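Below is one structure, written out as structure tokens; comments come after it.
What's counted below: heavy atoms across the whole structure, side chains too, no hydrogens, waters or symmetry copies. Here the structure is a predicted model, which means the values were calculated and not measured.
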Amino acid sequence: QVQLVESGGGLVQTGVSLRLACAASGRTFSSYVLGWFREAPGKEREFVSAISWRGGSTYYADSVKGRFTISRDSAKNTVYLQMNSLQPEDTAVYYCAAKVKGLLVSRGSNYDYWGQGTQVTVSS
């Protein structure tokens with residue numbers, strides 16, 4: 001059973017940075033795609049970024065491109081989301097998700113496992 005545990009959320013002011021972490025366990029993730037999604041109050045869950053565990057290829061939503069960076073540490077089985085220049089519109093619960101294999105995609109229904117989420121609140 002795959003388990004994903006997010007950490008690193010918090011309350012910050014506009015313009016600062018946060019780094020989210022997703023600790024993955026329960027499998028060998030060499031063929032997996034790990035992604036980050038977010039859900040703001042009253043809005044649908046949206047794709048943020050994804051990374052292929054094996055090759056490190058990355059994919060970003062246009063709304064975060066240039067501000068957010070996804071990375072992985074294979075030794076720690078952890079995926080990170082470095083978020084810079086945070087804005088109030090980045091406020092959301094951020095979820096880590098895992099896709100067993102295949103392409104980097106943005107559709108949440110293609111992901112097989114989900115974490116419980118971590119709250120990020122950006123005050124203006």
Drop me the distance from [X]'s [atom1] to [Y]'s [atom2], to the nearest 0.5 angstrom.
X    : Y    : atom1 : atom2 : value
Q3   : C96  : CD    : SG    : 12.5 Å
S7   : Y94  : OG    : OH    : 15.0 Å
K99  : R107 : NZ    : CZ    : 11.5 Å
F68  : L86  : CZ    : CG    : 5.0 Å
L104 : I70  : CG    : CD1   : 8.0 Å
K101 : S52  : NZ    : OG    : 15.5 Å

Same cluster (ILVMFWY, side-chain, under 4.5 Å), [X] and [Y]:
X   : Y    : value
Y60 : V120 : yes
L81 : Y59  : no
V93 : Y111 : yes

**OP:** Please work out whether the ring planes of W114 and Y95 are parallel, tilted or perpendicular, with thresholds of 30° and 60°.
**Re:**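 The rings of W114 and Y95 stand perpendicular, inter-plane angle above 60°.
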
Enumerate donor-acceptor pairs with a distance under 3.5 Å from any side-chain N or O in residues 8-37 to protein atoms, sequence neighbours excluded.
from : atom 1 : to   : atom 2 : distance (Å)
T14  : OG1    : S123 : O      : 2.8
S17  : OG     : N84  : OD1    : 2.9
S31  : OG     : V100 : O      : 3.3

Original post:
Would you find a donor on one side and an acceptor on the other, under 3.5 Å apart, between the side chain of E6 and the backbone of Q116?
Top reply: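 Flag set: sc E6 to bb Q116 pair under 3.5 Å.
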
Subject >> Exceeds 12 heavy-atom contacts within 6.0 angstrom, atom CD of E89 >> reply: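 Yes, because the 6.0 Å sphere around CD of E89 holds more than 12 heavy atoms from other groups.
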
Subject >> Any R38 side-chain heavy atom under 4.5 Å of V64 side chain >> reply: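 Side chain of R38 against side chain of V64, heavy atoms only: contact under 4.5 Å found.
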
**OP:** Could you point out which residue of Q82, Q87, M83 forms a side-chain contact (heavy atoms from CB on, under 4.5 Å) with R67?
**Re:**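 Among the candidates, only Q87 passes.
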
**OP:** Apply side chain to side chain contact (heavy atoms under 4.5 Å, CB included) to V105 and F47, showing your working.
**Re:** CA-CA 9 Å; V105 296; F47 170 77; over 6 Å; no

